[in-house]
Amino acid sequence: MTAPPGRVLPRSFYERAAQQVARDLLGKSLLHRVAWGVRVARIVETEAYLGEHDLASHASRGRTARTEVMFGPAGHAYVYFVYGMHFCFNVVTGREGVASAVLVRGVEGQRGIPAGARTDGPGRLTRALGIARAENGLDLTTSALCILDGPRPPRGSVRRGPRIGVDYAGRWADRPLRFWVEGSPGVSRPPRSRARPRRRGGR
DNA sequence: CTATTGATGGTC
DNA sequence: ACCATCAATAGG
């Protein structure tokens with residue numbers, strides 16, 4: 001049976017500390033209305049980026065044309081192009097003027113997404129949901145792109161740890177600002193343990 | 001299984 | 001020059 005649709009999250013949800021929003025986004029559904037229908041996916045992995053003082057954040061290098069939307073009001077999409085190939089989707093959080101945001105790193109397809117399509121990893125999920133440059137800056141409370149309320153993951157299934165791919169950020173690299181739902185196939189994995197854990201006795 | 005590299009382009 | 005990435009490949 002289909003789960004209840006859930007309400008569109010209000011702006012007040014996003015007007016909080018990025019760590020809190022990152023944690024609370026787990027279990028919510030990202031929805032995108034596209035020309036030929038709608039695509040929906042459950043969020044299972046996020047990372048919080050705290051602001052200009054956070055050396056892992058794009059905002060740490062100041063306010064530029066690219067990072068402009070992060071400095072704006074909460075509840076808007078910050079979409080950027082990375083590695084010449086992929087788009088990453090973030091939601092702006094906190095007070096206007098404070099450049100904090102949450103990167104969505106993994107989802108599970110729920111509707112409108114081809115069966116078998118991989119949606120783990122920030123680059124893969126934007127491709128699956130049809131999120132690209134045109135979606136940068138969209139208001140998640142009034143546009144074709146939004147996030148629906150959904151059941152919180154079972155208590156005990158939420159894990160947290162250091163963010164991925166930010167080793168250059170000094171001590172900020174170690175902060176446990178990544179959140180994920182343990183056991184979900186939508187959670188990205190470090191390249192090395194991507195295969196199934198098929199290990200019985202030890203060593 | 002691990003390690004390495006190529007693709008591909010905006011940002012500053 | 002540097003990436004908030006992914007896939008494909010070569011080697012153990």
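The sequence lines fix the lettering, A, B, ..., with proteins before strands; numbering per chain opens at 1. Note that these values count all heavy atoms, side chains included, but never hydrogens, waters or copies made by symmetry. Every value quoted in this text rests on a predicted model; they were computed, and no experiment measured them.
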Q: Answer whether the closest heavy-atom distance between the side chains of A/F71 and A/E52 falls below 4.5 Å.
A: yes
Q: Could you tell me whether A/R105 contacts a base, only the sugar-phosphate backbone, or nothing, with contacts defined as non-hydrogen atoms closer than 4.0 Å?
A: sugar-phosphate
Q) Given atom CZ of A/R61 and atom P of B/dG10, what is their separation to the nearest angstrom? A) 16 Å
Q | Identified side-chain hydrogen bond (donor to acceptor under 3.5 Å, both in side chains) counterpart of A/R163 within the set A/T46, A/D174, A/D54 | A | A/D54
Q) Over how many whole Å does the gap from A/H86 atom NE2 to B/dG6 atom C1' extend? A) 12 Å
Q: Scan every strand shown for a Watson-Crick or G-U wobble partner of C/dA4, both distances under 3.5 Å, and answer none if you come up empty.
A: none
Q.
Can you identify which nucleotide, out of B/dG9, C/dA4, C/dA7, has its nearest atom closest to the A/F81 side chain?
A. B/dG9
Q: Verify the contact: side-chain N or O of A/H58 to OP1 or OP2 of C/dA4, cut-off strictly under 4.0 Å; return yes or no.
A: yes
Q: Please report, rounded to the nearest Å, how far the P atom of B/dA7 is from the CZ atom of A/R127.
A: 18 Å
Q.
Determine whether the aromatic ring centres of residues A/Y78 and A/Y80 are separated by less than 6.0 angstrom.
A. yes
Q: Name the closest nucleotide to the A/N90 side chain, picking from C/dA4, B/dG10, B/dA7.
A: C/dA4
Q: Heavy atoms only: give me the nearest A/L25-A/L9 pair and the separation to one decimal.
A: CD2-CD1, 4.3 Å
Q: Mind calculating the distance between CG (A/N136) and C1' (B/dT11) to the nearest angstrom?
A: 14 Å
Q) Stepwise, does the salt bridge (Lys or Arg N to Asp or Glu O under 4.0 Å) test hold for A/D120 with A/R105? A) CA-CA 7 Å; A/D120 57 311; A/R105 284 192 58 90; over 6 Å; no
**Q.** Between C1' of B/dT11 and CZ of A/R63, the distance in whole Å
**A.** 18 Å
Q) Between C/dA7 atom P and A/Y83 atom OH, what is the distance in whole Å? A) 14 Å
Q. Is the distance from OP1 or OP2 of C/dA4 to the nearest side-chain N or O of A/Y168 less than 4.0 Å?
A. yes
(Q) Measure CG/A/L103 against P/C/dA4 and give the value in whole Å, please. (A) 10 Å
Q) Does B/dT8 pair with anything, Watson-Crick or G-U wobble, both distances under 3.5 Å, and if so, with which nucleotide? A) none
(Q) Could you check whether the side chain of A/Y80 and the base of C/dA4 have a donor-acceptor pair of N or O atoms closer than 3.5 Å, going by distance alone? (A) yes
**Q.** Distance in angstrom units between A/F87 CZ and B/dT8 P, rounded
**A.** 15 Å
